[in-house]
Amino acid sequence: MKVIIVENYEEASQEAAKIFINQVKEKPNSILGLATGSTPVRMYELLREDHEKNHTSYKDVKSYNLDEYFGLDASHPQSYHYFMYKNLFNGIDIKDENVHVPCGQGNIQENCDEYNKMLAENPIDIQLLGIGSNGHIGFNEPADVFEEYTHCVELTQNTIDANKRFFESEEEVPRKAYTMGIGTIMRAKRIVLVVSGEDKADILRKVIEGPVTPKVPASILKFHPYVTIVADKAALSLCNKQY
Ligand code: PGA
């Protein structure tokens, strides 16, 4: 795992944006794996700005998002579908038919099968990840095993607590979500994990310095041949190796 050390969230966003912009310039029909959460918000803003100023085009790009809440319609303001349009897709020239976010409604097995089929036919060139303070990537929560494919998960209390800030009350936070499996994430050709802030310092130390275990889902990234961690100094502050 290559670690790019930056000062703060702004620099982490700039670095990550640069990587994605270069990817799209080098391969205009890239397949991007995208993430939600607060971490990528500034990076997405930078992609929008770059599209406006430098005309980097996403017209041949396809995107696949990591996850979606179960039970939320795409038009729900807290759905990840809505988040992606608001933060990125409305500001770039990606085609609607090339945008994919797991469907939050309908039959669970059918939704998972359909997403898995699309992902098998469209291998991801570069996957963006954030990390939960419990080590989750996508909504792959700490567990006894690594799940390979898209599945529906029960969210842990840690994740519900972390995400309630986006909802009016904790009761409104969905208890289940769809997520790409760890196997699919690991089949991306390149993975970029962006980590910012001291709240993530403990988990980032476990990922970088601890053993590979499904109890810390992101620890599996050690086994991937091309991972770039973009982390700020606060996020790296508990690592024993001096960054
Ligand atoms: P955050 O969430 O970017 O809002 O910290 C990351 C995650 O839970 O994957």
Side-chain angles (χ1 to χ4, degrees), residues 6 8-17 20 32-47 64-70 72 77-84 86-88 101-102 124 126-143 146-147 150-151 153-167 170 173-182 184-186 188 191-208 214-221 227-238:
V6 294
N8 51 35
Y9 175 66
E10 176 62 22
E11 279 189 19
S13 305
Q14 306 258 4
E15 277 301 320
F20 274 75
L32 307 181
L34 298 177
T36 51
S38 41
T39 304
V41 168
R42 175 65 180 145
M43 170 192 151
Y44 289 156
E45 188 179 16
L46 292 165
L47 295 189
Y64 288 86
N65 261 75
L66 281 169
D67 45 16
E68 178 60 286
Y69 286 118
F70 174 83
L72 296 194
Q78 299 310 333
S79 76
Y80 287 164
H81 188 277
Y82 188 98
F83 173 103
M84 288 308 300
K86 177 169 158 228
N87 286 284
L88 182 62
V101 180
I124 290 169
I126 185 165
Q127 175 67 56
L128 177 67
L129 295 178
I131 185 172
S133 59
N134 64 359
H136 74 202
I137 45 178
F139 274 132
N140 291 281
E141 300 281 44
F146 291 112
E147 288 271 355
T150 307
H151 56 291
V153 293
E154 298 280 339
L155 299 180
T156 59
Q157 192 58 43
N158 175 294
T159 298
I160 293 165
D161 288 344
N163 290 5
K164 68 184 179 202
R165 66 190 194 276
F166 300 114
F167 292 81
E170 188 194 311
V173 185
R175 267 36 186 180
K176 287 187 196 172
Y178 290 101
T179 183
M180 254 186 223
I182 292 285
T184 303
I185 293 172
M186 289 293 281
I191 295 177
V192 177
L193 170 65
V194 183
V195 195
S196 169
E198 62 183 323
D199 289 356
K200 302 285 174 69
D202 184 49
I203 197 67
L204 187 57
R205 179 182 59 77
K206 289 184 178 140
V207 169
I208 293 178
K215 307 274 182 222
V216 181
S219 64
I220 191 79
L221 298 176
V227 173
T228 306
I229 300 180
V230 181
D232 64 17
K233 288 189 172 157
L236 289 164
S237 58
L238 294 180

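Numbering of ligands and ligand atoms starts at 1, following listing order.
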So, N8 side chain and D232 main chain: donor-acceptor pair closer than 3.5 Å or not?
no

For atom 5 (O) of ligand 1, closest protein heavy-atom neighbour
K200 NZ, 2.6 Å

Salt bridge present between R175 and E170 (N-O < 4.0 angstrom):
yes

Closest non-hydrogen protein atom to atom 8 (O) of ligand 1, residue and atom name please, with distance?
H136 NE2, 2.7 Å

re atom 4 (O) of ligand 1, the protein heavy-atom contact at minimum distance is S38 OG, 2.7 Å

Heavy-atom distances under 4.0 Å are what count here, so tell me which part of T159 touches ligand 1: side chain, backbone, both or neither.
neither

Could you identify the single nearest non-hydrogen protein atom to atom 6 (C) of ligand 1 and state the distance to 0.1 Å?
I131 O, 3.5 Å

With salt bridge (Lys or Arg N to Asp or Glu O under 4.0 Å) as the criterion, how do R205 and E198 come out once you've worked through the C-alpha distance, each side chain's angles and the decisive distance to 0.1 Å?
CA-CA 11 Å; R205 179 182 59 77; E198 62 183 323; over 6 Å; no

Considering the heavy atoms of R165, write down every atom of ligand 1 situated less than 4.0 Å from one of them.
4 (O)

Which of these passes side chain to side chain contact (heavy atoms under 4.5 Å, CB included) with I229: V194, L193, I191, L221?
L193

Nearest-neighbour protein heavy atom for atom 3 (O) of ligand 1, which is reported as residue plus atom name and distance:
T39 OG1, 2.5 Å

Establish, from distance only, whether the side-chain atoms of E147 and N140 form a donor-acceptor pair under 3.5 Å.
no

Keeping E141 on the side-chain end and T156 on the backbone end, is there a donor-acceptor pair under 3.5 Å?
yes

Ligand 1 to G37, heavy atom cutoff 4.0 Å, flagged ligand atoms 3 (O), 4 (O)

